[in-house]
There are 2 protein chains.
Amino acid sequence: MTILIADDEERDRKWLKELLSSHLPECPSIVEVADGQAAIDSALKLRPKLVFLDIKMPKQSGIKAAEQILQQLPETGVIMLSNFADEVYVRQLWRIVPANGAFGYVLKNASNEQVVEAARAVLSGDCWVHPGIARVIQRTQNRATNLTAAEYEALACIALGLTDHAIAKRLYLTEKAVQSRLKSLYSKLGIPGRTEAHDTDFNQRCRSVCLATRRGLINQSELEDWESKLLETKSGGLAQ
Amino acid sequence: MTILIADDEERDRKWLKELLSSHLPECPSIVEVADGQAAIDSALKLRPKLVFLDIKMPKQSGIKAAEQILQQLPETGVIMLSNFADEVYVRQLWRIVPANGAFGYVLKNASNEQVVEAARAVLSGDCWVHPGIARVIQRTQNRATNLTAAEYEALACIALGLTDHAIAKRLYLTEKAVQSRLKSLYSKLGIPGRTEAHDTDFNQRCRSVCLATRRGLINQSELEDWESKLLETKSGGLAQ
DNA sequence: ATGGCAATTGGGGTTTACCCTGGGGAATTG
DNA sequence: CAATTCCCCAGGGTAAACCCCAATTGCCAT
């Protein structure tokens, strides 16, 4: 029974390896890799029972690595190891993990006990999510607050600073459609409109970016992905 | 010769303590504390030669702790230990450190060698900044890109999602004055205007928040400070 | 089929954000 | 003393963002 650890930080790898080898004697073989591609390769070769994946890694993100691994070996237990409680990642993970698969989500500031607990849970087929993420999972399933793919897309666009017109051009929509998406986005984020309360102090556009960032719906590295995705078709390129 | 370590993460403290005690035998006494207030208290009592300060800490931020400590004991060598390369913090540190003081700025993903190097440098009166921060320091001194306090204030406001009108109300300014600040902010961030290129795909307001975040000019915890500062006078409170 | 729901689109409006030009006061610098 | 720089303020204009109402389409469920 082997365990795979994928993390680009040597310090974290060592910490985790030491922790696991001293608390899980049933797993004598622990392999370390330092990037996402190596994680996929090693997983397919070694067929480990459990894989720890850091989210922010070179070559391939931990999420993409998890997708590849679970596609080939759905039995694998996957534990994401993240610095952030970002809802984006939980959303993505949710779609990737098979219905009866075991996965874990632990933050890097977790205690040693929590990590061992998560490992034990996933090894025995259960799921383990960091307390504090539960709230996020709750939100991904609540109809009133869960964003649709379309709304999420619009959110990413305004967070990048695009105008309605530019968004419409890139997503092949009408400006009206864009505004419609934004309107429902605003209401789902709970941002007051201009008419109600009439003392509305908020620019909805910027406010939604602020709140979405605060809730972990979007973050910088995700936005950079979106940016390259949105600009690759436009040969002209954009300033800045 | 004692060293003080202030970090709320036990794991990081242990790593750092082990590292320093094995590489700096001339400092047998290493004291650990877990929050900003304790850091100030211990520093004033122990008068250490060198203080490691994490930026994100309970009670008091590492920056504020550094300010207090350096005010009382300007001879102290201070090394900030941060997760991020945020320009905000470098800006603030710049103002705090006395002209001939020794300080360091190392990112948490630094190698062991780099940390020891930084510690040695600061102990002997030199400064040490993480490679990759140098660029930020450069920007804080370049006239064309360095934001004034007024522009920075405006930036924080729009990042919070406030309208021109709301900003004016809170800062006791005219809307025109706010727009004037924003205009110079946009140009310093290098955001193209609507007139030039006439195919301007950007909403300057949102775009500036995007770029400022990417450059580390602003970040979530700083914004939350601003938010409480801006709302404490308004008894009415704001939605969300 | 019939009704409900979500997404897109349209018309026609108000408000806000941004553009340009320019002036005046305060503090800094040579 | 200039000269510069920064900051605040003004008027008048354009374009983008946001508002309400309504019609369409397609999907899904009873």
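Every chain is numbered from 1 and lettered A, B, ... according to where its sequence line falls, protein lines coming before strand lines. Heavy atoms only: backbone and side chains are in, while hydrogens, waters and symmetry mates are out.
- The A:Thr163 side chain lies nearest to D:dA16 when the options are D:dC7, D:dA16, D:dC18.
- For A:Gln179 and B:Gln179, each mapped to the nucleotide of DNA chain C holding its nearest heavy atom, the one lying further toward the 5' end belongs to A:Gln179.
- With salt bridges taken as basic N to acidic carboxylate O contacts below 4.0 Å, none links B:Glu75 and B:Arg47.
- For B:Lys183 and D:dA10, the NZ to C1' distance is 13 Å, given to the nearest whole Å.
- No side-chain heavy atom of A:Val106 sits under 4.5 Å from any side-chain heavy atom of A:Gln114.
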For this session: Give the intermediate values and the outcome of side chain to side chain contact (heavy atoms under 4.5 Å, CB included) for residues A:Leu230 and A:Leu162.
Result: CA-CA 10 Å; A:Leu230 289 172; A:Leu162 293 171; 4.1 Å; yes

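- Taking the side chain as every heavy atom from C-beta outward, A:Arg181 and A:Leu171 approach each other to under 4.5 Å.
- Using a 4.0 Å heavy-atom distance criterion, A:Ser180 is classed as a base contact.
- The separation between A:Leu182 atom CG and D:dA17 atom P is 9 Å, rounded to whole Å.
- Along DNA chain D, the nucleotide closest to A:Lys176 and the one closest to B:Ser184 are compared, and the more 5′ of them pairs with B:Ser184.
- For B:Asn203, a side-chain nitrogen or oxygen approaches OP1 or OP2 of D:dA17 to under 4.0 Å.
- Checking the phosphate oxygens (OP1, OP2) of D:dC7, no side-chain nitrogen or oxygen of B:Arg181 falls inside 4.0 Å.
- B:Asp201 has its CG atom 11 Å from the P atom of D:dA16, to the nearest Å.
- Here D:dA17 presents its C1' atom at 14 Å from CD1 of A:Ile191, a figure rounded to the nearest Å.
- Contact annotation for A:Thr174: backbone-only contact, meaning every heavy-atom pair under 4.0 Å involves sugar-phosphate atoms and none involves a base.
- Nearest-nucleotide assignment on DNA chain D puts the 5′-proximal partner with B:Glu151, out of A:Gln204 and B:Glu151.
- Atom pair B:Leu147:CG and D:dC7:P shows a separation of 10 Å (rounding to whole Å applied).
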